[in-house]
Structures are given as C-alpha cells and as structure tokens.
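A short worksheet on the structure shown next.
Please read all numbers here as calculations on a predicted model, not as lab measurements. Labels below follow one simple rule: chain letters A, B, ... track the order of the sequence lines, proteins then strands, and each chain is numbered from 1.
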There are 2 protein chains.
Amino acid sequence: MSVGIRHDDLRRRNRAMVISAVRRASQPSRTEIAATTGLSHSTISTISSDLISEGILAEAKFSEPVSMKRGRPQVGLMLDADAASVVAVVLSLNSLSAAIIDYAGNTVTEETRRLVTQQMPAEALVDECVGMVRRLIDSAGASGGAVLRIAIAVQGITDAASRKLLWSPITRYDDIPFADRLEQEFGVPVSVENDCNMIAEALRWRDPVRYRDDFIAILLSHGIGMGLVIKGELFTGTQSSGAEFGHMIHRPDGALCRCGRRGCIEAYAGNYAIWRNARVGDENAEPLADLSDDDIRAVADAARDHDGPEREAFRKAGEAIGFGLGSMFALFDPAPLAFVGVGATAFDIMEPHVRAAIAKTAGGLHSKAISFDTEPNEVPLKREGAMMRALLAVDQEIFAAGTAPRRAGADVA
Amino acid sequence: MSVGIRHDDLRRRNRAMVISAVRRASQPSRTEIAATTGLSHSTISTISSDLISEGILAEAKFSEPVSMKRGRPQVGLMLDADAASVVAVVLSLNSLSAAIIDYAGNTVTEETRRLVTQQMPAEALVDECVGMVRRLIDSAGASGGAVLRIAIAVQGITDAASRKLLWSPITRYDDIPFADRLEQEFGVPVSVENDCNMIAEALRWRDPVRYRDDFIAILLSHGIGMGLVIKGELFTGTQSSGAEFGHMIHRPDGALCRCGRRGCIEAYAGNYAIWRNARVGDENAEPLADLSDDDIRAVADAARDHDGPEREAFRKAGEAIGFGLGSMFALFDPAPLAFVGVGATAFDIMEPHVRAAIAKTAGGLHSKAISFDTEPNEVPLKREGAMMRALLAVDQEIFAAGTAPRRAGADVA
DNA sequence: AGTATTTTTTCGAGGCTCGAAAAAAAGAGC
DNA sequence: GCTCTTTTTTTCGAGCCTCGAAAAAATACT
C-alpha cells in the first residue's frame, strides 16, 4: 500500500512546502514561511537559498516597507516569473482558447477562436489544440521560461488519470486521447481536466477564505456541471473526473435528459430544460442542441416580470438543484456554494426554490446557513483553474524534486 | 496549511509503516516488509529490532517452514499480543455489547446485554457503557497489555471528530458526549464511530482483495445505513460521520420517512417501509418503531412465493436503492457493494430491481460489472470494525511515536 | 564437511533538520 | 553621528535517519 518515506523524499517534500507557501502567500518572508510550515528557520534558509540559486524563487526587490518596525527588515520571496511557463487550454462547445502563462501566473500571450466542435472529427479537434498551442509557443519566442506543462480544461467527462476525454457534449466522439497526442507533439506532460473541476480550483485561489477546504462550484449552463472540493482536495471519481451532479436522478423516469436517460437534474435545470419547460411545455421534447445566452436571459426576464410557464420552469429548476444538493449533503454535510455561468444571472429567481427544497432534505437543518454566491462569467475561471493546475504540477513534480540536485547544483556553483 | 516534515516525523512514519505492514500481512519477514514498504533492509532491521525491544512486535517462533528454499530461513514478525489491548463497544437499538481485544486482535473477554435504549435517559445510556467496560476491564484483570483505546460503534450520526453521538434512532436525545465521559472515566482516548463506517472498516480487513480502495457497505435493517470507502479512505462528512445514504431523496415529497421528512430512500427500502408497503399499503402511514427479523423474513417469503403487495414492496425498495446508487455513481463512479444485515437475506428479491434502476442512471454503463455481495449478520462486523479502528489508532498514534524513544529505550537497555 | 544461497545485522558515509550563536540590517535614543 | 536595541537571516556543529556494501548467520545442497 502506501510506501515508506525515503531519506531523499524529505527534502523534496519540504522544498514543495516552501514553494507552495510562496505561491499561496504574497511575497512571504523566510520567517513567515518558517511559521506556516512549522520548519525551523535554518531549514527554510537553506531551502530558499537553494531555490533562489536554481532560479525558481527570487527576492522581492522593493517590497513595501510595511514593517515600520525596528530590526532587520523582512525580505519577501516571490516566484521567479522566468523559471518556467505553462499553457492553459480551454475547450468548450464551439470555442477554443489557450494562453501561455509564466511561472508567476501572468498571462504572456493568448488566443481564442470559434469552432463548430460538434461537427468536427475527433482528430480535427486535437489538431486545432495542437495548432493553437504551437502558434502561441512560437509567438512567445524565447521570452520567459520553457513551457513545462500543459493543462486542458474541457467540458465533459475525463478519465481519472487526466489523459483522455471520455465523453463530452461538444463532440460526438468518445475516448479522445488529448494528452497522448499533445505530449507527443510538445514533449511535456499534459493533463486533461474537467472544466468544472478547474472552476473549483480557480475559486480556491481567487477567494481562499470563502473557498478553502469544503465547497461546491456548480456550472449552470446548457448542462449542469460540478466541481467539488472536500477536505481540501478536489473530489474526483475513481475512474472518471466525477461529480456529475447534473446526472444525479431527481425524478425516477422523469423528464428527458440530453444524455438520453430520464429524470436527471440537468433535465430540469439545464438551460435547455428551462427553455423547454417555459416555451415548449413538454418535458419529454427532444432537447435543443444549443441555446444562446440571450435566449435564456429572455426567459429569466419573463419569469421576473410575471407569473407563468417561465416562472414555473425556474421553480422546477431550483427544486431539482435543491433536492440534488440535499441528497449530496446527506453524504458529506453542507458546504458553501458558488453558482457559475449564464444560469447564475437568473439564480435570484431559483434561489427560494433551491432553499425550499434543501429544507425538505437531510441538509435542511443548516439550510439557512449555506452560503450561495454567483459568478456569471465562467470562461476566465476555467482558464485560471487550468493555469493553477499546470503551475502546481510544475511546483510539485519538477521544481520540488530539484532537477539533478547534485549535478545541476555543482554546475551553478 | 499542511505542515512540513520534521526530522523526527520521519522515524515515526516509517515505524508506522512497519507496524502496519505486520498487521496487514500474516507474519511477514523483514525482507517482505522491506519489499512492501520500499525501505531498505537495514532500515527495516533497525526499526523492527527497536519495536521488538519495546515489546510491540515479536518474532514468530514456529513459522511453518514453507520455504523449502536454500539459505537462511525468513523469520516472521508478529504483533505482540500483550503489547496493549483495546475495548470495542457496539451500541445498537436495544442492545449493548463490548469486548476486550488484545493487540494481536484476539478477543479476551466480552459481554452483551439487552437494553430498552429508546426509553433510557441519555445519562443512563452512557452509564451502561461505562459499567460494561468497567466490568470487562476488571474481569480481564492484569492479564495482557493495558487498555490504551476504546472505540464505540453506534447506530446514528456522530460528529466528524468522533466524540459525540449527534443523532440516533436508538434514543430520543441528541448530542450525547460519549467520548468525553468515557475518557474521563478510563483515562484513555475514546472515539465514537458510526456503525456502518465500522462495517466498512471490518470488510476491508476480512477481504482485502475484494474490498480494497473503493467499495460501499450498505446496512439493510430497520433503517438504511452506509459505510463508504473511496480511494482507500473511509469517507466521512465534514462535520458528521456522513454517508447517510438512507436519507438521500428518492422521490421528492414522497413516502413518509422515520426522520419526519419525505421521499428518503429509507422510506422505501428500510424494513419498516417494506413492511408498510406490504402490509399497510399506505406509504404515508406512521413508521413502526421496531420490527423483528422474523417479521421481515415473513414478508420476504411471501414475496418469493407469489405476486402481490409483498413483491411490489421489495420492488419499490430495490428501485429506491438502485436509483440512489445511480445518483452516487454519478458523483464518484461505480464500486463493489456489500449488503449487510437482515435485509440482505431478502436481497435476492430486490437485486433485479436494483440493477434495473442503476441501468437507468449514469452508473448504468457498468451496471453489469458492479459486484453485489451479501452478509446477513452485521453484529460481528460492527465489532471487528470498532476493534480495528481502535487497534490502528494504537498503532499509529502511540506505538509509531515510540513512547519516549530515548528514555524508555535506555531503561530497557 | 564444505559450498551455495538467502536472510539479517553491522558499519561507515552522506544527508537532512535543528538549535544556538553569529552576522546583518534596520530604527531608536542620546 | 554614533551606539544600542530589535528583528531577520545565515552559519555551524550536533544528532538522527536512511542507505549501500560488506559481514554474519542460518539453512539446503553436494
């Protein structure tokens, strides 16, 4: 099972701790790092001077002299932006975008283009990714650090090893091996991640106070996605990316879902379902393939304006989400929620029904205490999440190990 | 956040690895331990001779000479039964039992008695536990190692810190602080655990091949309980023991549940629900407080014998369980299942309906591959689970640390 | 009885972290 | 302007820990 700790793991782990402390805090001093990691000052001193000489960290030159205290001033440590760079790719329905990001997290170059993903062969999808990444790397030229990692946030179900796109609403094809192809093309590790998991990862970095150890991100768009952080870790399935909240069953044998099954939460709360209930009035009608943001906003406006099928459609959506959350809360207790995507703009209409449904479930005891937050624009979140995923991999897997700690160190000295 | 690895943690962790390897395997040799832990032979040699001199491990005297190989024969290591002992307490509806178990896992003494738990004040429940543990410790006398840990498996929801019984069907009272009282009484750490979690823990030790990293134990009795192991760890809630499968929502605003809410899985699949559907025919009728095993077996026999309300009741139960599992599998992919308790004797009637329901959900793709296993007798499983929980705590928290590694070691030498 | 083989222990080397002390870098006080 | 105080950072020696190699131990084979 779990393996013993070798002597050389010790350094690797503690280097990882230091890098992680610097990435998390803003220019922490060595003393602060010692405090947060619990390691001694001398250890932090040794490790950080190693990392600086390897070009991974740098001392902040003009740290604002916040101190105004006596004594030697603290000198902040920061990530050396030129230590490396990563590529964050976001692939969604009819849209592909990518960016090169330096080691400190600044965007170097980016590109976005529209594609008709549902009508492209699987090969072509991968080719588009490869092409865009290639162009970005070429345009960035020799500036900054070498690209050490690529992360792709993609709508759909990925495998647990983050290598393939198992299934996605953006294409008719299954099992598309994005990672293998891109690794072969660029010679760096590639991971393929579910977009909602990346949204959760991004929220954690945007607001570490609210979204710390346990929270839930729900993407309300054409379908319903979820990113789940439990006990400080992204919750993924054992074989897939997991957390397919949209396909939990709300009503057995109920409304027709885009996935072909019946009664899924998505079949009540996805944009297509809300539109169908509001405008078609038949929950068994074939789901629309796509729906513009304006379409759904129009339904929301109508629902706000007067009672009628639109308002009823949002009631059903809120109810489905609420009962689904209630079932989840039976499994692992309530947690703060973030609603992301176009649907979040209409969340005000759904919220009372979500709360009413949760109140009827095991999560009901705390239903008033559960915090809801909305963020309409999911695109930057997906990119930030993929970026953080890639950067953290560089931190932990490459820089913590210390590329040839003896040989490279000797070269430098 | 996570804290750095201090120099002394290293030894503690590797000692823990060795102890754990010995507990898991049956009399492994030092060489085998080195292989499974990945540590060097010299390290294993040092650590194991320390552990032997501290009286935690012992060399097996007459290990069957399975080898028949040339060379120095391997000498198996085993846990020293006298190193310590633990108490495993199982508290269920109308029944309390406890046992003293030595460090090697052998039962030293045990006692069981019937109580009318629902009519006892909270204090009296705790008093009964204290009294029984006291009698056991007294009767065991000075034989064996000192009691270093107590674990209580109790039906109901416990808090995440395993200290209190938050809610339980066995009593009208909430927030009963079992751990505090018992610790005060016996001066050793006490943990209060959900009984189904202990069932899962026990299954892992009974059949480590089938129940390894991901599996689900479902207790089919008056209510429905669940113990969940995901990625090698017992899955608990963030604030409570979690995995309240029985109170996931099967049908919004559906049948009346024992918990007062509506539509819970338990309200269709708990013994009282099956009995109610079979014999009362009104899913809103007030649930019975208790039901004998014979009652439910009679319904099962009737269902097997002829079509009618009994068979229909089991169909509804299987359907509720199947859809609930399907919803869970949307979150974390399918896993092997063990059905435990009286209800498991009737599982043959439910199985086709469980599978049919799962097939209608996101878990349906693999519905045929999901393995079902039944074990009617839950009582020994609860005890074994509590025992393992307590023993592992002694392993990891007490013996791995090495009580005063310098001073005690010096005393021995 | 001697040799081959496998397991276990011993021993020295190298690495890592730690605590204490020293060095560095500022503000405070006169 | 100089010294003292305070705080941060580095340096240095000590103590552990793990590792690899070699030695020792224990058995089967010839």
Compare the minimum distances between each of [options] and the side chain of [X], then state the nucleotide with the smallest one.
X: B/Leu39; options: C/dT8, D/dC19, D/dT9; result: D/dC19
X: B/His7; options: C/dT10, C/dT17, D/dT18; result: C/dT17
X: A/Arg6; options: D/dT18, C/dT8, D/dC19; result: D/dC19
X: B/Arg72; options: C/dA26, D/dT9, D/dA25; result: D/dA25

- Task: Quick one: list whatever passes side-chain hydrogen bond (donor to acceptor under 3.5 Å, both in side chains) with A/Ser191, sequence neighbours left out.
- Result: A/Glu193
Calculate the interatomic distance between [X] atom [atom1] and [N] atom [atom2]; express it in whole Å.
X: B/Ile44; N: D/dG20; atom1: CD1; atom2: C1'; answer: 15 Å
X: A/Asp50; N: D/dT9; atom1: CG; atom2: P; answer: 16 Å
X: A/Arg11; N: C/dC16; atom1: CZ; atom2: P; answer: 5 Å
X: B/His41; N: C/dT8; atom1: NE2; atom2: C1'; answer: 9 Å
X: A/Glu59; N: D/dT9; atom1: CD; atom2: C1'; answer: 10 Å
X: A/Asp9; N: D/dC17; atom1: CG; atom2: P; answer: 17 Å
X: B/Arg13; N: D/dC16; atom1: CZ; atom2: C1'; answer: 17 Å
X: A/Gln27; N: D/dT8; atom1: CD; atom2: C1'; answer: 17 Å

- Message: I'd like to know if A/Ser42 reaches the base of C/dG19 with its side chain such that a donor and an acceptor end up less than 3.5 angstrom apart.
- Response: yes
- Item | Presence of donor-acceptor pair under 3.5 Å, side chain of A/Arg70 and base of D/dT5 | yes
- Assign the ring pair B/His7 / A/His7 to parallel, tilted or perpendicular, where the plane angle (0 to 90°) is split at 30° and 60°. tilted
For [N], does OP1 or OP2 lie under 4.0 Å from any side-chain N or O of [X]?
X: B/Asn14; N: D/dT18; result: yes
X: A/Ser40; N: C/dT17; result: no
X: B/Arg12; N: D/dC17; result: no
X: A/Thr31; N: D/dT9; result: yes

- Task: Give the intermediate values and the outcome of side chain to side chain contact (heavy atoms under 4.5 Å, CB included) for residues A/His41 and A/Arg30.
- Result: CA-CA 7 Å; A/His41 287 183; A/Arg30 291 166 175 80; over 6 Å; no
- Query: If we only count heavy atoms from C-beta on, is the B/Thr37 to B/Met17 side-chain gap below 4.5 Å?
  - Reply: yes
- Query: Mapping A/Ser48 and A/Gly71 to their closest nucleotides on DNA chain D, which lands nearer the 5' end?
  - Reply: A/Gly71
- Task: Return the set of residues passing side chain to side chain contact (heavy atoms under 4.5 Å, CB included) with B/Ser42 (not counting sequence neighbours), or none when no residue passes.
- Result: B/Ser40
